[in-house]
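The structure appears right after this line, and notes come after that.
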2 protein chains.
Amino acid sequence: MAAELTALQLIAQHRPTLDQALEAIRTRAYWSPHPEHPKAYGEGGSLDAAAGKAAFDALLGTRLDLGQPGTDDWTGAETSPYGIELGVTYPHADIEVLLPAMKAGQRAWRDAGPEMRAVVCLEILKRISDRTHEFAHAVMHTSGQAFMMAFQAGGPHAQDRGLEAVAYAYVEQIRTPDTAEWTKPQGKREPLALTKQFTAVPRGIALVIGCNTFPTWNGYPGLFASLATGNAVLVKPHPRAVLPLALTVQVARQVLTEAGFDPNLVALAAERPGEGIAKTLATRPEIRIIDYTGSTAFGDWLETNARQAQVCTEKAGVNTVVVESTGNYKGMLANLAFSLSLYSGQMCTTPQNLLIPRDGIRTDEGPKTFDEVVADLARSVDGLLGDDARANALLGAIVNPDVKARLEAAAGLGEVALASREIANPEFPDAVVRTPVIVKLDGAKPDDEAAYMNECFGPVSFAVAVDSAAEALQLLRRTVREKGAMTVGAYTSDEEFEQAVQEVCLEESAQLSLNLTGGVYVNQTAAFSDFHGSGGNPAANSALCDGAFVANRFRVVEVRREA
Amino acid sequence: MAAELTALQLIAQHRPTLDQALEAIRTRAYWSPHPEHPKAYGEGGSLDAAAGKAAFDALLGTRLDLGQPGTDDWTGAETSPYGIELGVTYPHADIEVLLPAMKAGQRAWRDAGPEMRAVVCLEILKRISDRTHEFAHAVMHTSGQAFMMAFQAGGPHAQDRGLEAVAYAYVEQIRTPDTAEWTKPQGKREPLALTKQFTAVPRGIALVIGCNTFPTWNGYPGLFASLATGNAVLVKPHPRAVLPLALTVQVARQVLTEAGFDPNLVALAAERPGEGIAKTLATRPEIRIIDYTGSTAFGDWLETNARQAQVCTEKAGVNTVVVESTGNYKGMLANLAFSLSLYSGQMCTTPQNLLIPRDGIRTDEGPKTFDEVVADLARSVDGLLGDDARANALLGAIVNPDVKARLEAAAGLGEVALASREIANPEFPDAVVRTPVIVKLDGAKPDDEAAYMNECFGPVSFAVAVDSAAEALQLLRRTVREKGAMTVGAYTSDEEFEQAVQEVCLEESAQLSLNLTGGVYVNQTAAFSDFHGSGGNPAANSALCDGAFVANRFRVVEVRREA
């Protein structure tokens, strides 16, 4: 077959980007090749906002035929958190047909080598990047993120995380040379001489189990890490967030075909409502790698049961912010208010527990009691979300009824410092938009502990009164050790306390943001620089992205012969 | 405490070696800093053969006090496969005291950083290297290896594997910089600027579960990989092979002390006869990494039950040599005869199944029938072991009664092509020395399959008649996939068949040696160049040594603050 995209073309086009990505993960300075601003995609052109919206609208109510073998039915029942029915149907796969078909192209993909696989992955990412406006709507109408966040987190930031994984995968595979000449002196006798060939070989088929809230951002690292290391990838999206990953699979299949590879190296496994296909897929012998984002219960199930696979999980955690003191009280409040509000707290990185000494804290505005800090924070959130348009742009929509139910129940857990309000969304009247609730709890009360020591995913935060800053550190340590944490925040102007909170985070493997008062928030991480999770506490068994995330997705096979 | 070994001294002394090791794992050319020849350790000096023997003799019948906290008893009952009682006793630990004590020094060890940890590890290896003659006797009288093999495999080759692990661990930890300045442009607004610190943090306490046959060679990679990545290491030796690892722990504790670190970062967990302490230790919450070499049953148990730990296992496999044709019949026979005889086949890399077409093979000496090939191989083994002195030097002693029992039972499994003989060892009359048995089996007979499809660890090989070379490949594939393999060998002068056997090994993740007819054997691998196992088939879940072997022994914790 004459490939439309030759290796030379792809390498010429993408090698400079790959090299920049490799440099970025080495220095961890800021870098991204994917523009964050909607207008950077041109205006009036085929990639602009209007074109993206039109492309999304054209998808609604259609059948997305990916041309996959073993398609035995069509399925799909996505309803946007903004109230519209997407009406898109996707292939339902007979896995007894699809899985063998996915293996057919593996040899050629393996033989293509790490560089060719990397640039094919970069071409896939480039085409996704070009369609960022279209993907933004797809992410918005599955996750409930507000448009701008869906655009950025679901577009360039997700593409960055995918590219980062490709860079790690590439460099991991070329640590061993393709060939080596090995000559061992034998004193006066002839030396022993061997020629050795080393080949990076894939483990098999990788399974990506997508999540509802960040289908692309959380899905791309595993997808691209596995594909770049030579594996075929089966994408099992969350039934409420199929479209962004289905489009991703479509682009990948197109690029693979044009580059002369088998499109079945990437496939979609959409499921019927209630089918629960993830368990079936996860324990199939062909599945050798699993990437999963979601509940602790199912993550633990995968780790326990999918023993034939390398399992990377991001599960639930209880994120803590310790407030000991601050030299910028207003900045702290503004920063925290934003963190609690962004996407209605539906991020795995959103702070849940704010640990504040019950005797209050020192600030640049004088001492503040526990009640004052909580009231001021409530006021900051109120102020931030006072304007409905701004509130809608920040909060997005509640992603599913479970989150809404948890939010409603939270008010009964303690004294409500800030009540959740309903916000109307004039564009999407059926959207469920809610401001966050802040509930006061007592760190010393066992009943309260039952609340704050469990993840309450959604726009719910607990202001937990603790006996002292030292007590806060102990509770932080216990929370991270027992429940895990994707993020830890701390505010302190005391050098000794700063050292102490750092030590807790180092000992418990938690990523720490200190004294954020400006435009960076504890719940945001940047690819190529920040690690997302640590892989060292119960919230996740791997970090995005590091060597460990990619190193076991392939193996190196050596063939040696006498020289 | 004023350290006797300063960082500057250690770096000055060992950094060049570390750099050479880093270069070696990159090029995979031959390299070793550890001399293989016994005379390279001087003659008449404190490191020579006589001094090493005297040091070993002085250990016999003594109590090896490591100064470990929580020592509640003394234990030890090693009997050399050569018949002598070692009479050495070791500390028995109260783990409720020892484990907490091992954590006390972890912070300083973590804070020392990757380079300091690497050079401390290299100093430990250097002191072990200096005592290679002494260690050789300790390995010989626990494993049953003949002296020269115990010297080389238990000395320089084991030290090489330890150093290789240190090199991988070091380079893995410095992939992320210590600090980064991250500045993100914001159009006309002030850029966002963060200062980020990255620290490699250990997982906790690592457990090394040693084996009987290669206590140092199989123990050092995990021990040094874990120590170099900041973990404390608890060494649980095989009860029949304590001494080499106890001496290793002693050296490590001495060096740690001199370098100003807590000696309890490395400790020994010797057990009472029948105590079975490995299961207890392996599931303790403090144990976060386990390295194990031994039976599949216990390896599987660890993988299933020690869920709180990263578990690296090397288990049993069924190693195959496919004989399709050869352009050097004599060389092939000589090479195979040596491979089957070395250390009485008690290597995890020794070939077990020789797959030979029942219609015979083409050779440079004309066609040979199946029976001729097997008879010629039997004659080669006989010739190699015809002289008792040479036989003793090659075979060593049978390591334990189980191996002897398996060897004796093997003769009943089929037609014996080469009977095992008893060899007298004039120096150690109680040593159990046996030549290998070769049994003919029929690849098509279900009864025979029950024999050749299971690992029969020891000096037992099966010459398996198969219908064709293509059939041999199918059986090879099935064997590797179902039973695992540490090694695969193949002999062929047919280019197409060579491609086909390579493809099977690539697809099933098995390390392949092709047409070895000289002084390199399928059961030997060289550190810095060859991978030991692949980590991709059931024989082992990790390879020695690669990025995956070290990458998950530590995590990177980030602390970020506004710049």
Side-chain angles (χ1 to χ4, degrees), chain A residues 25-30 37 107 110 172 175-177 180-187 189 192 194 196 198-199 201 203 303-304 307 502-503 505-507 509-520 526 529-531 534-536 543 546-548 551-552 555-562, chain B residues 25-30 37 107 110 172 175-177 180-187 189 192 194 196 198-199 201 203 303-304 307 502-503 505-507 509-520 526 529-531 534-536 543 546-548 551-552 555-562:
Chain A
I25 61 177
R26 204 184 62 72
T27 66
R28 307 198 86 78
Y30 171 77
H37 200 291
R107 181 173 176 177
R110 179 197 76 203
E172 194 70 31
R175 288 174 79 174
T176 303
E181 297 299 326
W182 181 88
T183 308
K184 180 175 178 179
Q186 295 291 293
R189 286 175 294 150
L192 298 173
L194 295 176
K196 303 178 180 187
F198 301 96
T199 307
V201 302
R203 284 202 172 265
E303 291 174 19
T304 305
R307 306 304 307 282
Q502 285 188 62
E503 185 58 28
C505 289
L506 290 172
E507 289 184 3
S509 265
Q511 309 297 14
L512 173 63
S513 295
L514 263 171
N515 295 322
L516 296 185
T517 56
V520 175
S529 184
D530 294 318
F531 291 105
S534 75
D546 62 9
N552 238 333
R555 301 283 70 212
V556 175
V557 170
E558 176 182 350
V559 178
R560 60 182 189 171
R561 42 168 73 78
E562 287 158 6
Chain B
I25 61 178
R26 205 183 59 74
T27 66
R28 306 198 86 78
Y30 170 77
H37 199 293
R107 182 173 174 176
R110 178 198 76 203
E172 194 69 30
R175 289 174 78 174
T176 303
E181 297 300 326
W182 180 88
T183 308
K184 179 176 178 179
Q186 295 291 292
R189 287 174 292 150
L192 299 173
L194 295 176
K196 304 179 179 186
F198 301 96
T199 307
V201 303
R203 284 201 170 265
E303 291 174 19
T304 306
R307 305 304 306 283
Q502 286 188 62
E503 185 58 27
C505 289
L506 290 172
E507 290 184 3
S509 264
Q511 309 298 14
L512 174 64
S513 295
L514 264 172
N515 296 321
L516 296 185
T517 56
V520 175
S529 183
D530 293 318
F531 291 105
S534 75
D546 62 10
N552 238 333
R555 300 283 72 213
V556 175
V557 171
E558 175 181 350
V559 178
R560 58 182 190 171
R561 41 170 72 79
E562 286 158 5

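Naming convention: chains lettered A, B, ... in sequence-line order (proteins, then strands); numbering from 1 in each chain.
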Is B/Glu558 paired with A/Arg28 through a side-chain N to carboxylate O contact shorter than 4.0 Å?
no
On a heavy-atom basis, which atom in [X] and which in [Y] lie closest, and how many Å separate them?
| X | Y | result |
| --- | --- | --- |
| B/Gly547 | A/Ala551 | C-CB, 4.2 Å |
| B/Arg560 | A/Ser513 | NE-OG, 2.8 Å |
| A/Ser529 | B/Trp182 | OG-CD1, 3.3 Å |

At a 4.5 Å cut-off on heavy atoms, which part of [X] comes close to chain A: side chain, backbone, both, or neither?
| X | result |
| --- | --- |
| B/Lys184 | both |
| B/Leu192 | side chain |
| B/Thr27 | backbone |
| B/Arg175 | both |
| B/Arg189 | neither |
| B/Thr183 | backbone |
| B/Glu303 | both |
| B/Val559 | both |

Shorter than 4.5 Å, heavy atoms on both sides: which option in [options] has the most such pairs with chain B?
| options | result |
| --- | --- |
| A/Glu503, A/Arg561, A/Glu507 | A/Glu503 |
| A/Gln186, A/Arg110, A/Gln502 | A/Arg110 |
| A/Leu194, A/Val201, A/Asn552, A/Val520 | A/Val520 |
| A/Thr304, A/Thr199, A/Thr517, A/Asp530 | A/Asp530 |
| A/Gly519, A/Ala180, A/Gly535 | A/Gly535 |
| A/Arg26, A/Glu172, A/Arg307 | A/Arg307 |

Once side-chain hydrogen bond (donor to acceptor under 3.5 Å, both in side chains) is applied, do any residues pair with A/Glu181, and if so which ones, sequence neighbours excluded?
A/Thr195
The criterion is side-chain hydrogen bond (donor to acceptor under 3.5 Å, both in side chains); which residues satisfy it with A/Asn515, sequence neighbours excluded?
none
Would you say B/Arg555's side chain and A/Ser534's backbone share a donor-acceptor pair under 3.5 angstrom?
yes
Using non-hydrogen atoms and a 4.5 Å limit, figure out which bit of [X] sits close to chain B: side chain, backbone, both or neither.
| X | value |
| --- | --- |
| A/Ser509 | both |
| A/Arg203 | side chain |
| A/Ile25 | backbone |
| A/Val556 | both |
| A/Leu506 | both |

